[in-house]
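Below: the structure, in structure tokens.
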Amino acid sequence: ISTRDWSSDVCSFDLVTSPYISAEGHAVMAVAVPVRRGGFVVGALVTNIKVNSLTQFVSGLSPDNQVWVAREDGYILASKYPDLLGKNLYQERPSYAAYQDSAKSSHSYIYEGQEYFVASNKLTSNGWTVWGWQPWQDITRASEANFLSSLMLSLALILVALFVLYLCLKKFVYEPLGGEPGEIME
């Protein structure tokens with residue numbers, strides 16, 4: 001087994017390391033599982049996963065790729081914004097820190113003058129948290145458009161109803177009585 005600091009841990013449990021730079025110069029995470037035979041660890045199966053391949057996979061989970069994947073310590077593993085990979089999510093979006101230990105959460109926050117809604121789910125397998133976020137404006141856009149079209153339709157129907165009422169009053173009340181009161185007296 002190698003001399004990396006995590007190599008002895010793989011003998012005890014499955015392991016996903018913190019990202020590091022591989023010999024090829026890529027940001028990778030080592031994924032390792034012990035190989036057991038007869039109850040004893042006889043080896044380890046280890047592979048490197050490029051951090052950006054995780055980002056590419058995560059980008060397909062949401063149409064707008066508005067998803068973060070972060071480790072328990074906040075290290076961003078997958079992001080819509082490549083410049084945020086490897087940074088601390090709880091420093092980049094401080095409101096998230098209050099929910100970092102929650103199995104599931106949701107909250108709103110303001111970033112650069114725009115209000116966002118975010119929901120999270122912590123993966124039990126590795127402790128990573130998946131955060132999905134959306135601007136409130138996008139969330140409420142359909143409701144606001146529906147409200148405006150309902151309001152316009154209501155106003156149009158009220159005007160049509162008033163016009164029909166006018167015609168009915170004219171046809172069934174005004175004309176049978178002979179018109180204006182002055183005309184009826186003559």
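More than 12 heavy-atom neighbours from other residues, nucleotides or ligands sit within 6.0 angstrom of NZ on K80. Atom OH of Y109 has more than 12 heavy atoms from other residues, nucleotides or ligands within 6.0 Å. For E115, the CD atom counts as densely surrounded, since its 6.0 Å shell holds more than 12 non-hydrogen atoms of other residues, nucleotides or ligands.
Taking hydrophobic clusters as Ile, Leu, Val, Met, Phe, Trp and Tyr residues chained together by side-chain heavy-atom distances below 4.5 Å, L157 does not share a cluster with L151.
Through side-chain heavy atoms spaced under 4.5 Å, either directly or across other Ile, Leu, Val, Met, Phe, Trp or Tyr residues, Y166 is tied to F163, L167. Taking a 4.5 Å side-chain heavy-atom cut-off between Ile, Leu, Val, Met, Phe, Trp and Tyr, the cluster of W136 extends to F117, I139. With side-chain heavy atoms closer than 4.5 Å counting as contact, directly or through intermediates, L159 stands alone and belongs to no larger hydrophobic cluster.
For the ring-ring contact (aromatic ring centres under 6.0 Å, His included) condition, no pair includes a residue of residues 26-66, sequence neighbours left out.
Looking at D64, its side chain never comes within 3.5 Å of a backbone N or O of Q66 through a donor-acceptor pair.
Under 3.5 Å, the side chains of S120 and S105 contain a donor-acceptor pair of N or O atoms.
With sequence neighbours left out, S95 forms a side-chain hydrogen bond (donor to acceptor under 3.5 Å, both in side chains) with H107.
At a threshold of 4.5 Å between non-hydrogen side-chain atoms, the residues W131 and V67 do not count as touching. Residues L123 and V130 have side chains in contact (heavy-atom distance under 4.5 Å, counting atoms from C-beta outward).
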N/O donor-acceptor pairs under 3.5 Å from side chains in residues 68-79, not counting sequence neighbours:
{"residue": "W68", "atom": "NE1", "partner": "Y96", "partner atom": "OH", "Å": "3.4"}
{"residue": "R71", "atom": "NE", "partner": "D73", "partner atom": "OD1", "Å": "3.1"}
{"residue": "R71", "atom": "NH1", "partner": "S18", "partner atom": "OG", "Å": "2.9"}
{"residue": "R71", "atom": "NH2", "partner": "D73", "partner atom": "OD1", "Å": "3.2"}
{"residue": "R71", "atom": "NH2", "partner": "D73", "partner atom": "OD2", "Å": "2.4"}
{"residue": "D73", "atom": "OD1", "partner": "Y75", "partner atom": "N", "Å": "3.1"}
{"residue": "S79", "atom": "OG", "partner": "Y81", "partner atom": "N", "Å": "2.9"}
{"residue": "S79", "atom": "OG", "partner": "Y81", "partner atom": "O", "Å": "3.0"}

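Separation of atoms OG1 (T47) and CD1 (I49) is listed at 6.5 Å; rounding is to 0.5 Å.
Remark: R93 is positioned above the aromatic ring of Y111, its terminal NZ or CZ atom under 6.0 angstrom from the ring centre and at most 45 degrees off the axis.
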